[in-house]
Undergrad: 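Would you mind keeping the following structure in view while I ask a few things?
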Amino acid sequence: MSRTVAVIGGGITGVTTAYALAKRGVAVTLIERHRYAAMETSYANGGQLSASHAEVWNHKATIWKALKWMTRRDAPLLLNPTPGWHKLSWFAEFLAAMPDYERNTIATARMAIAARAHLFAWAEEEKIAFDHRRAGILHVYRDQRGFERAAGVSRLLAQGGLQRRAVSLLEMRAIEPALHGDFYGGYYTDSDSTGDIHKFTSGLADACARLGVACRYGQEITALAREHGKVRVSMGEDSAVFDAVVICAGTASRVMAAMLGDHVNVYPVKGYSITVQLDDGASRAAAPCVSLLDDATKLVSSRLGEDRLRVAGTAEFNGFNDDIRADRIRPLLQWVEQCFPGVNTRKVVPWAGLRPMLPAMLPKVGPGKAPGVYYNTGHGHLGWTLAAATAEMVAEAVAPSSSAADR
């Protein structure tokens with residue numbers, strides 16, 4: 001009889017984990033509180049599969065910018081100064097991880113590169129259409145200081161196996177002719193790509209069901225407990241016992257980990273996005289085809305198919321608050337209007353999601369303290385980029401395969 005495993009969470013990390021386990025012949029139950037997969041943070045993110053964005057935030061430059069922006073409601077990084085134990089403990093651990101900035105950046109780049117092969121192979125095998133565009137990602141810098149600092153980041157990424165090259169203003173214009181504005185220079189990573197995370201996750205969830213995964217949607221976890229060497233998962237009045245459980249519950253992972261005796265200090269860092277409908281030919285011609293990251297504004301853009309432009313970014317430390325604030329959406333709209341003035345922004349869909357972020361900016365992947373308890377959570381702003389690799393890592397920990405041929 002195959003081992004029974006509950007995967008908690010139906011976002012990108014949960015669905016990829018369920019898939020990786022099912023491919024190993026494990027009897028998987030996927031438990032998600034929404035009616036469908038990918039309805040929270042995996043719904044409308046920036047769309048980038050960006051190993052070039054692997055730099056962790058534990059750097060003095062991030063601290064300085066956060067302090068400088070504290071009085072601006074439209075700041076790229078916004079910190080609610082109201083104290084709270086969760087927030088204070090998170091920032092204490094964030095500061096403690098600063099000496100590991102270089103090592104963690106290199107490790108993240110390696111994971112991101114490893115994830116590509118799995119994700120692309122799964123999409124091809126399961127015939128998942130997700131508006132995948134392999135046109136690279138262009139990082140743009142508005143001043144010399146930012147451009148020169150990026151050179152140091154590029155050296156770290158290279159140690160992780162990623163090559164991105166410096167490009168002049170003239171080369172930037174050749175890579176993305178639609179871009180308007182005053183810039184100093186850029187860095188281009190041709191191996192990065194973009195896609196619609198919601199389409200991919202939904203397609204992979206359907207593949208999971210075809211592989212025999214029991215998908216239990218609309219189920220709220222009320223308790224988790226170790227019981228005679230197994231794990232009892234309670235969903236209201238209903239409960240079931242599994243040989244193992246994998247927590248992929250995003251921002252809810254901290255509470256669930258505490259039920260099982262583990263400290264997983266995930267904090268909800270809110271990000272925003274807008275999806276611009278490119279309904280007319282002029283807008284489609286004026287919108288970018290290459291994915292961008294604007295260092296000054298901390299905004300990213302991705303072209304999703306021919307008729308959608310996704311713009312996302314900002315980081316808001318404001319607890320479990322998923323309100324869509326007009327003053328946080330406005331900078332995204334203004335960025336489109338300034339950088340791509342020919343794009344009609346009459347029809348725009350705003351969105352906000354809570355990124356599950358750990359203080360050291362590396363996800364928690366692997367076993368907990370108790371036998372049968374595993375984690376794949378805390379990916380922060382790189383869940384879409386890292387999920388396929390961390391899913392393979394945790395699946396191998398739960399159900400080791402004797403050889404690649406067994407998979």
Side-chain angles (χ1 to χ4, degrees), residues 1-38 42 118 122 125-126 201-202 204-250 252-253 255-262 264 363-378 387-407:
M1 184 175 180
S2 63
R3 198 176 187 204
T4 60
V5 178
V7 175
I8 300 177
I12 184 65
T13 57
V15 171
T16 52
T17 299
Y19 183 81
L21 285 166
K23 293 288 280 185
R24 284 167 165 77
V26 176
V28 181
T29 298
L30 177 67
I31 303 170
E32 164 58 41
R33 67 175 183 163
H34 291 285
R35 289 183 66 191
Y36 313 101
S42 300
H118 298 302
W122 297 346
E125 182 175 352
E126 303 299 343
T201 310
S202 298
L204 198 66
D206 291 341
C208 285
R210 291 194 297 270
L211 288 171
V213 173
C215 298
R216 300 192 59 176
Y217 295 115
Q219 300 291 324
E220 193 85 39
I221 300 296
T222 53
L224 298 168
R226 289 286 305 162
E227 186 176 290
H228 308 302
K230 298 181 183 292
V231 182
R232 179 171 292 279
V233 179
S234 298
M235 298 156 278
E237 296 181 358
D238 189 17
S239 70
V241 175
F242 298 89
D243 294 320
V245 64
V246 187
I247 307 296
C248 307
S253 299
V255 171
M256 293 186 188
M259 295 177 186
L260 296 165
D262 290 311
V264 181
K364 168 74 172 173
V365 184
K369 291 178 182 176
V373 176
Y374 298 86
Y375 296 91
N376 185 17
T377 190
T390 61
E392 281 291 312
M393 291 163 62
V394 77
E396 188 65 23
V398 175
S401 54
S402 58
S403 70
D406 294 334
R407 299 180 186 180

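FYI, side chains are in, hydrogens and waters are out, and symmetry mates aren't considered; it's all heavy atoms of this structure.
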Undergrad: What pairs with T390 under side-chain hydrogen bond (donor to acceptor under 3.5 Å, both in side chains), at least two apart in sequence or on another chain?
TA: N376, H379

Undergrad: Find the distance between OG (S239) and CG (L224) and round it off to the nearest 0.5 Å.
TA: 11.0 Å

Undergrad: Using every non-hydrogen atom in the two residues, find where A249 and M256 come nearest and quote the distance to one decimal.
TA: CB-SD, 3.7 Å

Undergrad: Considering all heavy atoms of both residues, which atom of A225 and which atom of L260 are nearest to each other, and what is their separation?
TA: N-CD2, 4.1 Å

Undergrad: Not counting sequence neighbours, which residues clear side-chain hydrogen bond (donor to acceptor under 3.5 Å, both in side chains) with S42? List them please.
TA: none

Undergrad: Show every salt bridge (charged side-chain N to carboxylate O under 4.0 Å, His left out) that has at least one partner inside residues 6-16, sequence neighbours left out.
TA: none

Undergrad: Check A205 against A37 and note the closest heavy-atom contact, atom names and distance.
TA: CB-CB, 3.9 Å

Undergrad: Could you list the residues that satisfy side-chain hydrogen bond (donor to acceptor under 3.5 Å, both in side chains) with R35, not counting sequence neighbours?
TA: none

Undergrad: Not counting sequence neighbours, which residues clear side-chain contact (heavy atoms from CB on, under 4.5 Å) with A240? List them please.
TA: F242

Undergrad: So R226 and P371, do their side chains get closer than 4.5 Å, heavy atoms only?
TA: yes

Undergrad: Using side-chain contact (heavy atoms from CB on, under 4.5 Å) as the criterion, list what pairs up with V241, not counting sequence neighbours.
TA: E227, K230, R232

Undergrad: Output yes when a side-chain donor or acceptor of D243 lies under 3.5 Å from a complementary backbone atom of V5, and no otherwise.
TA: no

Undergrad: Hey, could you give me the OG/CD1 distance between S202 and I12, rounded to the nearest 0.5 Å?
TA: 9.5 Å

Undergrad: Does anything in residues 4-34 form a ring pair (Phe, Tyr, Trp, His ring centres under 6.0 Å)? List the pairs, not counting sequence neighbours.
TA: Y19-W122

Undergrad: Could you list the residues that satisfy side-chain hydrogen bond (donor to acceptor under 3.5 Å, both in side chains) with Y374, not counting sequence neighbours?
TA: none

Undergrad: What's the spacing between Y375 OH and I8 CD1 if we round to 0.5 Å?
TA: 9.5 Å

Undergrad: Which pairs pass salt bridge (charged side-chain N to carboxylate O under 4.0 Å, His left out) with one or both residues in residues 212-223, sequence neighbours excluded?
TA: R33-E220, R216-D238

Undergrad: Just so I know, are the side chains of V15 and C208 near enough to count as touching, which here means a heavy-atom distance under 4.5 Å?
TA: yes

Undergrad: Can you name the salt bridge (charged side-chain N to carboxylate O under 4.0 Å, His left out) partners of E125, sequence neighbours left out?
TA: K23

Undergrad: Report the residues that fulfil salt bridge (charged side-chain N to carboxylate O under 4.0 Å, His left out) with D262, sequence neighbours left out, ordered by chain and then residue number.
TA: none

Undergrad: Does some side-chain heavy atom of V7 sit less than 4.5 Å from a side-chain heavy atom of V28?
TA: yes

Undergrad: At what distance, to the nearest 0.5 angstrom, does CD1 of I247 lie from OG1 of T17?
TA: 11.0 Å

Undergrad: Hey, are the side chains of V246 and V398 touching, using non-hydrogen atoms and a 4.5 Å cut-off?
TA: yes

Undergrad: For residues 204-227, which residue pairs qualify under ring pair (Phe, Tyr, Trp, His ring centres under 6.0 Å), counting only residues two or more places apart or in two chains?
TA: none

Undergrad: Would you check if the side chain of T222 reaches a backbone N or O of G236 as a donor-acceptor pair within less than 3.5 Å?
TA: yes

Undergrad: Return the minimal non-hydrogen interatomic distance between H118 and A388, and the atom names on each side.
TA: CB-CB, 3.8 Å

Undergrad: How long is the span from the OG atom in S234 to the CD atom in Q219, to the nearest 0.5 Å?
TA: 11.5 Å

Undergrad: Locate the shortest heavy-atom distance separating R3 from V26; write the atom from each residue and the value.
TA: O-CG1, 3.3 Å

Undergrad: Taking all atoms of both residues into account, what is the closest heavy-atom pair of L30 and A18, and its distance?
TA: CD1-CB, 4.3 Å

